Amino acid sequence: MTSTTSRTDRTGVTGVREVTRAGPWWRGAVGYEIYVRSFADGDGDGVGDLRGARTKLAHLADLGVDLLWLTPFYRSPQRDHGYDVSDYLDVDPLFGDLDDLSAFVDEAHELGMKVVADLVPNHSSDQHPWFQDALTGRDAEHRDRYVWRDGAPDGGPPNNWVSHFGGPAWTYHPPTDQWWMHLFLPEQPDLNWDDEVVRAEFERILATWFERGLDGFRIDVAHSLVEHPEFPDNPLKGDPPPEGAGPDDVFAAYEHVHDLDQEGVLDIYRAWNRVAADHDAVLIGEVYLLDPDAVARYVRDQDGLHLSFCFPALHTVWEVDDIATTLRAATTVGGPNFAWPLSSHDDPHAATRFGGGDLGARRALAYFTLLATLPGVPFLYQGDELGLDDGLIDTAEDPISLRNPGAVGRDGCRTPMPWEPGPGYGFTTGDPWLPFGTNRSGTRTAAAQAGDPRSPLERTRALLHARRGLPDLLGDLPATWLDVPAPLVAVRRGDTTVVLHVADSDVDGAAAVQLEVGRGRLVYASAEGTDLDDGHLVLPPDAAAIVVHSGGRL
C-alpha cells in the first residue's frame with residue numbers, strides 16, 4: 001500500500017512524500033509518545049496542553065514520526081495525572097477543549113501523522129458520575145458497573161489482592177458494608193466488565209472518538225479488565241513480602257493468576273476490533289506482561305488488538321546476551337504485531353537504564369537503531385530523540401511516591417521537555433508542574449542539538465529518514481538473527497542488516513570491532529567512527545549500523 005503524506009522539512013516548507021508500506025497504515029510506522037503534561041505549555045500555567053503540543057508538530061514530522069500517542073487529556077481530578085477519568089468524552093480544561101484537540105489532530109493529519117489517544121478502561125475516577133451513583137446504595141442504577149464484594153469472614157478485604165500503587169486492592173465502604181476493588185489508587189475503582197452496559201458504553205466511546213477524527217487508541221493496562229469470577233487469593237511466590245517493602249516488591253511477591261491476563265479479556269477487544277475496522281483505526285495494547293508468548297496472545301490472530309507493546313524490550317540491560325535473547329524470543333512470537341518501546345512515562349528513560357549522561361544517550365540511540373529495524377512499530381518517548389536521561393529532582397508528584405514513603409516514583413522520567421536554553425526551557429513561561437532536573441543543560445535541548453550532525457536529535461532524525469527509504473523494514477519481512485560473535489548482535493530483514501556493538505565497558509575502554517558483511521552500502525551509523533570498506537564493517541563501541549547489501553550478504 002502506498003500512502004501519500006505531507007512532510008515539513010527543516011526550512012518549514014511542506015512537501016509531499018510517498019511512503020510505501022505493506023498492509024494496514026500502521027505497519028512499519030514509527031510511534032512517538034507525548035506525555036501531554038510535560039510536552040509543551042501553550043498558556044503559561046506550567047502544565048503542558050494541547051495548544052502547546054500543536055506548536056511542536058512540525059518538530060515531530062521533521063523527525064520522521066508517523067504515529068503520535070497522546071496520554072490522557074480527558075476530564076479528571078488528576079489524582080493519577082489523568083489516568084483517573086471522570087468523563088471519557090470531554091477534554092479537561094487543564095489541557096484545552098475539544099476544539100484544541102480537533103485542531104491538533106487536523107494539523108497532525110496535514111503533516112502526515114496519525115493520532116491515537118490513551119484509553120483507560122480498567123478503572124474510572126471515583127468522581128465519575130457512575131461511581132458517585134454507585135456509592136448511594138447496593139441497588140443504585142450504576143452499582144454493577146464496578147467491582148463490589150463482601151468482606152472476608154474475619155471482616156477484612158475479600159481476598160489478598162494488592163494494588164500496583166501499594167496496599168490492598170480493596171477499600172471498604174461502610175454505608176453499604178461492601179468493598180470496592182482498585183488495582184491502582186482507591187480513587188480509581190475498577191470497572192466491572194461482566195456488565196453489558198459497561199461494554200456497550202465503551203464501544204460507544206470508541207466510535208465517538210473515531211468519528212471525531214482519532215486514528216486509534218493505546219489501551220491502558222490492557223490485560224487487567226477481567227478477574228477470576230470467584231476472586232480467590234493469589235498464591236505467594238515464596239515468603240510474604242517484608243514489612244515496609246515497596247509497592248513493586250509487594251506486587252511482585254504474588255503470582256497474579258486470578259487478577260491479570262484472564263481469558264475473557266480478548267473477547268472485549270474482539271468487539272472493539274469490529275468498531276475500529278469501520279474507521280480504519282488501530283488498537284494498541286499496554287499488555288504489561290514480561291512473557292512474550294503471553295503478550296502475543298492479544299495480537300496473534302489480529303481479531304483483537306492490532307499491536308501490543310513488548311515490554312521485555314524496555315527492561316533489557318546493556319549486556320549482549322540479554323539483548324539478543326530477549327529480542328530474538330519476542331520477534332519469534334510477535335512478528336510484525338509488537339510495538340517496541342525505547343522508554344515510557346512509567347519507566348526510566350533508556351539513557352538512564354544504559355548508564356546515564358552521554359554514555360547512556362549513545363547506547364540508547366544504538367539500541368533504538370536495532371528496535372527500529374525489527375518487524376513492528378518502534379516507539380520513542382518524548383526526549384528520547386535528545387538522548388535525555390531522567391531528570392534529577394527532589395520533589396514528588398507521583399502517587400506512588402506520595403503514598404509510599406521512600407518508594408521511587410516515576411517523576412524522573414516525566415520532567416518537562418527542554419526545548420531551548422533559558423528559563424522555562426521553552427516549555428513554559430510559568431512555573432513548571434515538575435522541575436526540569438539539575439542534570440539539564442543547554443546541550444540537552446532541541447534547539448542546541450538542531451543542525452549538529454553529531455547530536456542525538458540529528459542522528460535520530462537521520463535514522464528515521466533512512467528507515468523510511470528501506471522497503472525491507474516497512475512490511476512484514478521476518479527478522480533473521482545472525483550468528484555473530486559477542487559483543488555483537490545482528491539482524492537481517494531482506495537485504496538489510498543491522499549490527500549492534502554492545503560494549504561491556506565504558507567508551508574509552510572498549511575497542512572498535514570488525515565484521516565481514518559482504519558487498520553493500522552503509523546507509524546509517526549511530527556514531528562516528530563507523531566505516532564499511534570492501535565488505536568489512538568497522539563499528540565503534542556502543543554503536544549500531546545499518547547496511548543494505550548489493551549481493552553476497554552476511
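Fair warning: this is a prediction, and the values are worked out from it, not measured in the lab.
Ring geometry for Phe184 against His164 counts as parallel: the plane angle stays under 30°, on a 0 to 90° scale with 60° as the upper cut. The aromatic rings of His258 and His228 lie perpendicular to each other, with more than 60° between the two planes, well past the 30° mark. Between His128 and Tyr88, the two ring planes are tilted [angle within 30° to 60°]. Aromatic ring orientation, Trp26 versus His306: tilted (interplanar angle from 30° to 60°). Using a 30° and 60° split on the angle between ring planes, Phe309 and Phe311 fall in the tilted class, from 30° to 60°. Ring orientation note: the planes of Phe217 and Phe210 are tilted relative to one another, at an angle of 30° to 60°. The aromatic rings of Phe39 and Trp419 lie perpendicular to each other, with more than 60° between the two planes, well past the 30° mark. Note on ring orientation: taking the six-membered ring where Trp is involved, the planes of Tyr35 and Tyr381 are perpendicular (angle over 60°, cut-offs 30° and 60°).
Between Leu67 and Ile284, the closest side-chain pair of non-hydrogen atoms falls below 4.5 Å. By the 4.5 Å heavy-atom criterion applied to side chains, Trp130 and Ser124 are not counted as neighbours. In this structure, Val282 and Lys114 have side chains that are not in contact, with every pair of non-hydrogen atoms separated by 4.5 Å or more. Inter-residue side-chain proximity for Pro241 and Leu236 is flagged as met; some heavy-atom pair is nearer than 4.5 Å. Annotation: side chain of Arg37 is in contact with side chain of Phe95 (closest heavy-atom distance under 4.5 Å). No side-chain heavy atom of Arg300 sits less than 4.5 Å from a side-chain heavy atom of Asn337. Between Asp259 and Leu183, the closest side-chain pair of non-hydrogen atoms falls below 4.5 Å. With a 4.5 Å cut-off on side-chain heavy atoms, Asp411 and Thr395 do not count as touching.
For the ring-ring contact (aromatic ring centres under 6.0 Å, His included) with Trp161, the lone residue among Phe251, Trp179, Phe231, Tyr254 that qualifies is Phe231. Applying side-chain contact (heavy atoms from CB on, under 4.5 Å) to Tyr298 and the options Leu307, Val265, Leu283 leaves one that passes, Val265.
Of all heavy-atom pairs between Ala108 and Val115, the closest is CB-CG2, 3.6 Å. The shortest heavy-atom contact between Thr171 and Pro186 is OG1-CB, 3.5 Å. Here the shortest heavy-atom pairing between Asn404 and Gly166 reads OD1-CA, 3.8 Å. Of all non-hydrogen atoms in Leu289 and Ala294, the two that sit nearest each other are CD1-CB, 3.8 Å.
Applying the 6.0 Å contact sphere to CG of Asp133 captures more than 12 heavy atoms from other residues, nucleotides or ligands.
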Inset, instruction - Kindly determine whether Asn234 and Val257 satisfy side chain to side chain contact (heavy atoms under 4.5 Å, CB included), including the steps that lead there. - result: CA-CA 6 Å; Asn234 281 324; Val257 293; 4.0 Å; yes
Inset, instruction - Determine, step by step, whether Tyr367 and Leu327 satisfy the side chain to side chain contact (heavy atoms under 4.5 Å, CB included) criterion, reporting the C-alpha distance in whole Å, the side-chain angles of both residues, the deciding distance to 0.1 Å, and the verdict. - result: CA-CA 11 Å; Tyr367 183 67; Leu327 297 183; 4.0 Å; yes
Inset, instruction - Kindly determine whether Glu33 and Thr71 satisfy side chain to side chain contact (heavy atoms under 4.5 Å, CB included), including the steps that lead there. - result: CA-CA 8 Å; Glu33 179 189 356; Thr71 55; 3.4 Å; yes
Inset, instruction - Go through His182 and Phe165 one step at a time and tell me if the ring-ring contact (aromatic ring centres under 6.0 Å, His included) criterion holds. - result: CA-CA 10 Å; His182 51 87; Phe165 286 177; 9.9 Å; no
Inset, instruction - For the pair Ser224 and Asn122, evaluate side-chain hydrogen bond (donor to acceptor under 3.5 Å, both in side chains) and give the outcome as yes or no after the intermediate values. - result: CA-CA 6 Å; Ser224 295; Asn122 180 72; 4.8 Å; no
Legend entry - Glu187 and Gln127: CA distance, side-chain angles, deciding distance, side chain to side chain contact (heavy atoms under 4.5 Å, CB included) verdict: CA-CA 8 Å; Glu187 295 86 359; Gln127 299 304 303; over 6 Å; no
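Distance alone, capped at 3.5 Å, is enough to place a donor-acceptor pair between the Arg467 side chain and the Ala372 backbone. With hydrogens and angles ignored, the 3.5 Å screen pairs no side-chain donor or acceptor of Trp180 with any backbone N or O of Leu135. Side-chain atoms of Asp390 do not come within 3.5 Å of backbone N or O of Thr352 as any donor-acceptor pair. Put simply, the side chain of Gln178 never gets that close to the backbone of Tyr172: no donor and acceptor are under 3.5 Å apart. Checking side-chain atoms of Ser38 against main-chain N and O of Arg414 turns up a donor-acceptor pair under 3.5 Å. Checked by atom type and distance alone, the side chain of Ser125 never pairs as donor or acceptor with a backbone atom of Ser76 at under 3.5 Å. Arg493 places a side-chain N or O within 3.5 Å of a backbone atom of Gly475 that can act as its donor or acceptor partner. Judged purely by atom type and a 3.5 angstrom limit, Glu211 has no side-chain atom pairing as donor or acceptor with the backbone of Trp209.
In summary, Arg410 and Asp346 engage in a salt bridge, as defined by a charged side-chain N under 4.0 Å from a carboxylate O. A salt bridge links Arg297 with Asp261: at least one charged nitrogen is closer than 4.0 Å to a carboxylate oxygen. Salt-bridge formation is detected for the pair Asp66/Arg468: a Lys NZ or Arg NE/NH1/NH2 atom is positioned less than 4.0 Å from an Asp or Glu carboxylate oxygen. Taking the charged nitrogens against the carboxylate oxygens, Arg270 and Asp267 do have a contact shorter than 4.0 Å, which makes a salt bridge. In summary, Asp476 and Arg27 engage in a salt bridge, as defined by a charged side-chain N under 4.0 Å from a carboxylate O. A salt bridge does not link Arg403 with Asp398: none of the charged nitrogens is closer than 4.0 Å to a carboxylate oxygen.
A ring-centre distance under 6.0 Å is found for Tyr83 and His345.
No cation-pi contact links Arg149 to Trp170, judged by a cut-off of 6.0 Å to the six-membered ring centre and 45° from its axis. For the pair Arg138 and Trp148, the cation does not sit on the ring face, since its NZ or CZ is not both under 6.0 Å from the ring centre and inside 45° of the axis.
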